[in-house]
Amino acid sequence: MFSRRAFMFGAGSVAVTTLAGCTTTPAPRVAAAPLPVDTSLYASMYGPQPNELFPLPAVPYEKIEPRFYRQMVANPTGERPGTLVVDTANHFLYLTYENGQAMRYGVGLGRAGFEWAGRGVIQYKRQWPRWTPPDEMVARQPDLQPYSIANGGMEPGLTNPLGARALYIFQNGVDTLYRIHGSPEWWTIGKSVSSGCVRMINQDVVDLYNRVPNGTPIVVTSLAGAELEYAA
């Protein structure tokens, strides 16, 4: 059995399975007994990562709602172990494990009108990826033309919108153009602000990247009304 701390910091490779849509409808949250916040644990979890290709700065986790911290919780998804589940009602991403457990991360989701829903797989993943906005986005925002597909995209780095890692979501062998990715904008976690993709704190997406292989199934769905655990 792994300890809670081992789970939080471990990089175990676990198969993942399904993908579901990014909704923005708020839902009532029914909290189980509050979990204590171990400040030393989170200070380490969200501290600087100097060994990255582009060293990651610390995240001021004290300014983020504790329920969005990375933590092991009871699995509310009903999905089999090794599945990624995006809960669009509550802005959580789960990686399910055996024994009714799941690693939960806080996420930011797409604005109304840009959501994607369904089941798919993580076709592949990249460390410090290039960002190439779709042509439709460039048409809406001409200032992105220098980063278009034709121009080769944006170089990786701390200001790249895909952050430290990206997981690419396919459905029936076709690229959905939606990603799970890191973001330096930690203040957007728990909100619906991006153009459809699932954004994470960079430290969290690095952790998730190390836990899931290519071919992991992913489900994007709403868990509105589910009984969820929250840190105090």
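Just so we're clear, the structure is a prediction, and the values are computed from it rather than from any experiment.
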Quiz prompt | Heavy-atom side-chain proximity of Gln71 to Tyr42 below 4.5 angstrom | solution = yes
Quiz item: For Tyr46, does the OH atom sit with more than 12 other heavy atoms under 6.0 Å from it, leaving out its own atoms?
Solution: yes
Self-check item: Separation of Gln203 CD from Gln49 CD (nearest 0.5 Å)
Solution: 5.0 Å
Quiz prompt | Minimal non-hydrogen separation, Glu79 against Val85, with atom names | solution = CG-CG2, 3.6 Å
Self-check item: Flag, side chain of Asn214 to backbone of Ile122, donor-acceptor distance under 3.5 Å
Solution: no
Quiz item: Got a sec, which residues hit side-chain hydrogen bond (donor to acceptor under 3.5 Å, both in side chains) with Asn202, two or more places apart in sequence or on another chain?
Solution: none
Practice problem: Verify, without hydrogens or angle tests, whether His91 (side chain) and Ile189 (backbone) share a donor-acceptor contact under 3.5 angstrom. | Solution: no
Exercise. Please confirm whether the backbone N or O of Leu177 pairs with a side-chain atom of Asp175, one donor and one acceptor, at under 3.5 Å?
Key: yes
Practice problem: Could you tell me the separation between the CZ atom of Arg165 and the CD atom of Gln127, rounded to the nearest 0.5 Å? | Solution: 4.0 Å
Quiz item: Considering all heavy atoms of both residues, which atom of Trp187 and which atom of Pro184 are nearest to each other, and what is their separation?
Solution: CZ3-O, 3.9 Å
Self-check item: Test item: Thr176 side-chain N/O and Ile169 main-chain N/O as donor-acceptor pair under 3.5 Å
Solution: yes
Exercise. Would you please test Glu98 and Arg80 for salt bridge (charged side-chain N to carboxylate O under 4.0 Å, His left out) and show each step?
Key: CA-CA 8 Å; Glu98 299 284 353; Arg80 69 180 185 272; over 6 Å; no
Quiz prompt | Gln171 side chain to Arg119 backbone, donor-acceptor under 3.5 Å | solution = yes
Quiz prompt | Sub-4.5 Å side-chain heavy-atom contact between Tyr61 and Met45 | solution = no
Quiz item: Do Pro81 and Tyr97 touch side chain to side chain, with heavy atoms closer than 4.5 Å?
Solution: no
Self-check item: CA sep, side-chain torsions, deciding dist, call: Val73, Arg104, side-chain contact (heavy atoms from CB on, under 4.5 Å)
Solution: CA-CA 7 Å; Val73 298; Arg104 189 179 74 194; 4.0 Å; yes
Quiz item: How about Thr188 and Arg199: does a side-chain donor come under 3.5 Å of a side-chain acceptor?
Solution: yes
Quiz item: Is there a chain of hydrophobic side chains (I, L, V, M, F, W, Y, each step under 4.5 Å between heavy atoms) that links Leu56 to Leu53?
Solution: yes
Quiz item: Which heavy-atom pair separates Arg70 from Asp207 by the least distance, and what is that distance?
Solution: NH1-OD1, 3.4 Å
Quiz item: Hey, does Thr77 have a side-chain heavy atom less than 4.5 Å from the side chain of Leu223?
Solution: yes
Quiz item: Which of these passes ring-ring contact (aromatic ring centres under 6.0 Å, His included) with Phe92: Tyr105, Tyr69, Phe68?
Solution: Phe68
Exercise. Measure the shortest side-chain to side-chain distance between Ile201 and Ile64 over non-hydrogen atoms and say whether it is less than 4.5 angstrom.
Key: yes
Quiz item: Can you tell me if Asp87 uses its side chain to pair, donor with acceptor, with the backbone of Ala89 under 3.5 Å?
Solution: yes
Quiz prompt | Val198 and Leu93, any side-chain heavy atoms less than 4.5 Å apart | solution = yes
Quiz item: Does Met154 reach the side chain of Pro161, with side-chain heavy atoms less than 4.5 Å apart?
Solution: yes
Exercise. Establish, from distance only, whether the side-chain atoms of Glu52 and Trp128 form a donor-acceptor pair under 3.5 Å.
Key: yes
Practice problem: Could you pull out the closest heavy-atom pair between Ala166 and Pro129, with the gap in Å? | Solution: CB-CG, 3.6 Å
Quiz item: Given side chains that start at C-beta, do those of Met200 and Leu208 come closer than 4.5 Å, heavy atoms only?
Solution: yes
Exercise. Find the distance between CD1 (Ile180) and NZ (Lys125) and round it off to the nearest 0.5 Å.
Key: 11.0 Å
Quiz item: What distance separates Leu144 CG from Thr132 OG1, expressed to the nearest 0.5 Å?
Solution: 11.5 Å
Exercise. Starting at CG of Leu167, measure out to SG of Cys197 and round the result to the nearest 0.5 Å.
Key: 11.5 Å
Quiz item: Going from CZ on Arg179 to CG on Leu162, what distance comes out if it is rounded to the nearest 0.5 angstrom?
Solution: 7.5 Å
Quiz item: Does Asp204 reach the main-chain N or O of Gly106 with its side chain, forming a donor-acceptor pair under 3.5 Å?
Solution: no
Exercise. Determine, using the 4.5 Å side-chain heavy-atom cutoff (strictly less than), whether Tyr124 and Ile149 are members of one ILVMFWY cluster.
Key: no
Quiz item: Counting distance only, does the side-chain N/O of Arg130 pair as donor-acceptor with the main-chain N or O of Gly152 below 3.5 Å?
Solution: yes
